[in-house]
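Report on one structure; see the data block that follows.
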2 protein chains.
Amino acid sequence: MADIDGAVREGRRERKRRQTRERIETTALKLFLARGFDSTTIEDITEAADVSKRSFFDYFPSKEDVVAAWQDGFAGELIAAVAAQPVDAPLVDVIETAINAALRATISDPQHLAIAILIRDTPALRARDQLKYAKLERKLTEALHARSSGAEGERLRLSVLAAAVVSMLRIGGERWNGAQNDLPLEEFASGMFHELWAALADLGVLARRHTSAR
Amino acid sequence: MADIDGAVREGRRERKRRQTRERIETTALKLFLARGFDSTTIEDITEAADVSKRSFFDYFPSKEDVVAAWQDGFAGELIAAVAAQPVDAPLVDVIETAINAALRATISDPQHLAIAILIRDTPALRARDQLKYAKLERKLTEALHARSSGAEGERLRLSVLAAAVVSMLRIGGERWNGAQNDLPLEEFASGMFHELWAALADLGVLARRHTSAR
DNA sequence: ATAAGTTTTTGCACTAAATGCAAATTTATA
DNA sequence: TATAAATTTGCATTTAGTGCAAAAACTTAT
């Protein structure tokens, strides 16, 4: 059952497990969008996906986690895009490029908008959505750190940078969803980044002024 | 039932309600610390606090919220400390002073350490703990915004600043809990702030370099 | 003080999430 | 084909959380 290069091919067992997981996820999302999150019971999901109710919990620890798993896509794209860049590229460019790539990948999913609305209108999912940002911040820090010298003073700097970026993402998301948008996403993002770097430059001045004034 | 200055005095009803709430909260925390969060049922709490099980939900929407309510103390202290400062004080000083005040208030609670450990060791509470940071970030942004000119470009800048500060708080918390600390909190915090302002100053340079290089 | 109105508390029934466990089924391996 | 390992299922159980209506406590005006 080993491949030519020694890797283990996906056997029937793995394949079925993956398929079942996907079936549960897509079925659940479809039902959530159709009837709402709270009004969809786990039994509804398992019945529609043709597995036992008990099996649901072999794949997802809770109903919310189905949506969270879907949301993790963005973070995955992001860290991949960070890792894909030349090691000598400037930090700021790396981030802007990576975020743009992740955004493109995310909005290419046709379900994206509907799920965003579902989350916005479902308290239990909104709470979970906040966690997504926290996780994203951690992962981005991690990805940036993997590229860097590994010096220990670096850590805080990268965390702060990641926090600033994620903060911009959050605000950008609100603005994007809030007002109706005439701009294409690329331009909108570009504008947000412009604001972000300006804000950081500005804060840098404040910080330096404070440090030297003593 | 009106006070001399027109304010309404706390009647028996309000007082009892407040007392009941406090009784539930302190009882719950005591039980959580004694038996653990998961092993304490809501019925355990209500029985010990001598109210009906149903009444618990008149005061807290869920078990987790009891701990969250306790945690909100820090945010409350923080925004009060921000608001208490002279309007012309430099932004960076306002933040450093306010955080220090809030930290002092928090660690003066003798339960603080035990609850921090409880949260760290309880998955359901850890998730909630992340939300605390998100909420803190929002509130800090809000408090800073209330002091500022109100210009609209300001918003992102203050959000980014708040995000940076909260990021430092998170890392500071980890470092503080992780390694055993010889330093007193004040000095530790001062060191963290020093790192934070240095990091911001640094990132400011990167941002400016990026913006001008086009 | 009492009556009338309002808020709070309680009891009860009920839904649904989540977990534990052991039996049954399916897949992999020798 | 036998045996071992992983997966799925069914069943029982606990507990969180909600809805609703009756009872109790409190407030206010007469």
Side-chain angles (χ1 to χ4, degrees), chain A residues 1-3 6-25 27-29 31-32 35-69 122-128, chain B residues 1-3 6-25 27-29 31-32 35-69 122-128:
Chain A
M1 202 42 78
D3 211 357
V8 175
R9 224 183 246 294
E10 182 186 52
R12 192 194 312 281
R13 201 170 262 174
E14 283 99 338
R15 184 172 55 255
K16 282 208 165 184
R17 198 166 167 81
R18 183 176 50 73
Q19 286 172 342
T20 303
R21 191 195 156 89
E22 283 170 7
R23 203 168 65 249
I24 292 177
E25 184 172 326
T27 308
L29 287 177
L31 289 178
F32 292 160
R35 315 182 193 169
F37 181 80
D38 293 322
S39 321
T40 305
T41 71
I42 290 182
E43 231 174 337
D44 291 340
I45 299 168
T46 54
E47 216 158 306
D50 198 34
V51 290
S52 75
K53 177 186 162 197
R54 191 62 185 78
S55 284
F56 177 91
F57 294 101
D58 278 349
Y59 290 93
F60 298 96
S62 78
K63 220 168 60 164
E64 285 86 351
D65 279 280
V66 179
V67 182
T122 309
L125 294 179
R126 267 209 304 279
R128 205 58 194 250
Chain B
M1 204 37 82
D3 209 1
V8 175
R9 225 185 243 294
E10 183 185 52
R12 192 194 310 280
R13 202 168 262 173
E14 281 101 338
R15 185 172 55 256
K16 283 209 163 182
R17 197 165 166 83
R18 184 176 48 74
Q19 287 172 343
T20 303
R21 190 194 157 90
E22 283 168 8
R23 201 169 66 250
I24 292 177
E25 184 173 328
T27 307
L29 287 177
L31 289 178
F32 292 160
R35 315 182 193 170
F37 181 79
D38 292 323
S39 321
T40 305
T41 70
I42 289 181
E43 233 175 335
D44 291 339
I45 299 167
T46 55
E47 216 159 303
D50 199 33
V51 290
S52 73
K53 177 189 160 197
R54 191 62 186 79
S55 285
F56 178 91
F57 294 100
D58 279 348
Y59 289 93
F60 298 95
S62 79
K63 221 167 63 162
E64 285 86 348
D65 281 279
V66 178
V67 182
T122 309
L125 294 179
R126 266 209 307 279
R128 208 57 194 248

> Does a side-chain N or O from A:Arg54 land closer than 4.0 Å to OP1 or OP2 of C:dA18, or not?
Replying inline: no
> CD of B:Glu64 to OG1 of B:Thr122: how many Å apart, nearest 0.5 Å?
Replying inline: 10.0 Å
> What's the closest nucleotide to the A:Asp58 side chain, out of D:dT15, D:dT9, C:dT26?
Replying inline: D:dT9
> How many Å lie between CZ on A:Phe60 and P on D:dT8, as a whole number?
Replying inline: 13 Å
>> If you assign each of A:Thr20 and B:Lys16 to its closest nucleotide in DNA chain D, which residue comes earlier from the 5' end?
In response: A:Thr20
>> Between P on D:dG17 and CD on B:Glu43, what's the gap in Å once rounded to a whole number?
In response: 14 Å
>> Counting the atoms with a prime plus P, OP1 and OP2 as sugar-phosphate, which does B:Lys53 contact under 4.0 Å by heavy atoms, base, sugar-phosphate, or nothing?
In response: base
>> For a quick check under 3.5 Å, do B:Asp65 and B:Ser62 share a side-chain donor-acceptor pair by atom type?
In response: yes
>> Without decimals, in angstroms, what is the distance between B:Arg15 CZ and C:dT9 P?
In response: 13 Å
> At under 4.0 Å between heavy atoms, what does B:Arg12 touch on the DNA or RNA strands: base, sugar-phosphate, or nothing?
Replying inline: sugar-phosphate
> Hey, does B:Glu25 have a side-chain heavy atom less than 4.5 Å from the side chain of B:Phe60?
Replying inline: yes
> Please give, in whole Å, the distance from C:dT8 C1' to B:Arg18 CZ?
Replying inline: 16 Å
> Of the nucleotides D:dG17, D:dT8, C:dT19, which one has an atom closest to the side chain of A:Arg17?
Replying inline: D:dT8
> Nearest to the side chain of B:Arg13 - D:dG17, C:dA17, C:dT6?
Replying inline: C:dT6
> Within this structure, what is the CD1-to-C1' distance between B:Ile45 and D:dA16, rounded to whole angstrom?
Replying inline: 11 Å
> To the nearest Å, how far apart are A:Gln19 CD and D:dT7 C1'?
Replying inline: 15 Å
>> If you assign B:Glu64 and A:Ser52 each to the DNA chain D nucleotide with the nearest heavy atom, which residue ends up on the more 5' nucleotide?
In response: A:Ser52
> Roughly, in whole Å, what's the span from CG in B:Asp65 to P in D:dA16?
Replying inline: 14 Å
> Thinking salt bridges, do B:Arg18 and B:Glu22 make one under a 4.0 Å N-O criterion?
Replying inline: yes
> Do A:Val67 and A:Phe37 pass the side-chain contact (heavy atoms from CB on, under 4.5 Å) test, and can you show the C-alpha distance, the side-chain angles, and the key distance before you say yes or no?
Replying inline: CA-CA 10 Å; A:Val67 182; A:Phe37 181 80; 4.3 Å; yes
> A:Thr41 near the nucleic acid: base, sugar-phosphate alone, or nothing, with a heavy-atom cut-off under 4.0 Å?
Replying inline: sugar-phosphate
> What's the CZ-P distance between B:Phe57 and C:dA13, to the nearest Å?
Replying inline: 18 Å
> How would you label the contact of A:Tyr59 with the nucleic acid (heavy atoms, under 4.0 Å): base, sugar-phosphate, or nothing?
Replying inline: sugar-phosphate
